[in-house]
Amino acid sequence: MEKKEKAVKQEKKEVAPVDLLDVLLDANNRDPIVLMDEKGKQLTFEQVAVIPYDMESERKLYVVLKPLDKLDGIADDEAIVFLCEQDKNGNTVLRVEENEEVAIAVFDKYYDLLEEANKKAPAKKTTKQAPKKTATKTAGKPAGKKTTK
């Protein structure tokens, strides 16, 4: 009888709600990020970077996510820039950055930070590769091709 009671107690354990921002800022989290699109379909992403960016004298937080699922109009080597915001209930939500100039600026900052980190760190092999700096996607529309410096 004692074993059965323990099993029932374990089943009743509730899962604590987790704020999306806590997940995104957790340096040890390697789990995919699962988001719902406007039709309720689950989409899975790999987190590439969290980038604070100053926009019109206001600091905003952006997230670069690489789709793990095939998405129409998005190549395998492309990623999407999302803006982190608070909804009316105070929950963190991600919205696709629709301003192409802002998305490109966020990608540029990401590559600058990546380059800076590579200069500081000793050379070593990595299995995770950053998306190519050839194009970005905003709101499901292809951006113009961007060449490297």
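Each residue takes its place number in the sequence, starting with 1. Note that this is a predicted model, so its numbers are computed, not measured. Side chains included, hydrogens not; waters and symmetry mates left out as well; all remaining heavy atoms used.
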Q. Got a second to check how far Asp76's CG is from Lys70's NZ, nearest 0.5 Å?
A. 5.0 Å
Q) Side chain of Lys109, backbone of Pro52: donor and acceptor closer than 3.5 Å? A) yes
Q) Any side-chain heavy-atom pair from Leu83 and Leu94 closer than 4.5 angstrom? A) no
Q. With no hydrogens and no angle check, is any side-chain donor or acceptor of Gln47 less than 3.5 Å from a backbone partner on Ala49?
A. no
Q.
Applying ring-ring contact (aromatic ring centres under 6.0 Å, His included) as the test, list every pair that has at least one member in residues 86-106; sequence neighbours left out.
A. none
Q.
With ring-ring contact (aromatic ring centres under 6.0 Å, His included) as the rule and sequence neighbours excluded, what pairs involving residues 31-89 come up?
A. Phe45-Phe82
**Q.** By salt bridge (Lys or Arg N to Asp or Glu O under 4.0 Å) - contacts of Lys41 (at least two apart)
**A.** none
(Q) Show me the pairs that pass salt bridge (Lys or Arg N to Asp or Glu O under 4.0 Å) and involve residues 85-96, at least two apart or across chains. (A) Glu85-Arg95
Q.
With heavy-atom distances below 4.5 Å as the criterion, would you say the side chains of Leu25 and Val50 are in contact?
A. yes
Q.
Suppose we screen for side chain to side chain donor-acceptor pair (under 3.5 Å). Which residues come up paired with Gln86, at least two apart in sequence or across chains?
A. Thr92
Q) Rounded to the nearest 0.5 Å, how far apart are CG of Asp31 and OG1 of Thr44? A) 11.5 Å
Q: Rounded to the nearest 0.5 Å, what's the gap from CD1 on Ile80 to NZ on Lys66? Could you check?
A: 10.5 Å
Q. Under 4.5 Å between any side-chain heavy atoms of Leu43 and Pro67, yes or no?
A. no
(Q) Nearest 0.5 Å, please: how far is CG in Leu65 from CD1 in Ile33? (A) 6.5 Å
(Q) Using 30° and 60° as the class boundaries, would you call the ring planes of Phe107 and Tyr110 parallel, tilted or perpendicular? (A) perpendicular
Q.
Membership question, hydrophobic clusters at under 4.5 Å side-chain separation (ILVMFWY): are Val23 and Leu68 in the same one?
A. no
Q.
Working to the nearest 0.5 angstrom, can you tell me the gap between Asn91 CG and Leu21 CG?
A. 11.5 Å
Q: Please examine the side chains of Val93 and Leu20, heavy atoms only from C-beta on, and report whether any two atoms are closer than 4.5 Å.
A: no
Q: Applying salt bridge (Lys or Arg N to Asp or Glu O under 4.0 Å), name anything that partners Glu38, two or more places apart in sequence or on another chain.
A: none
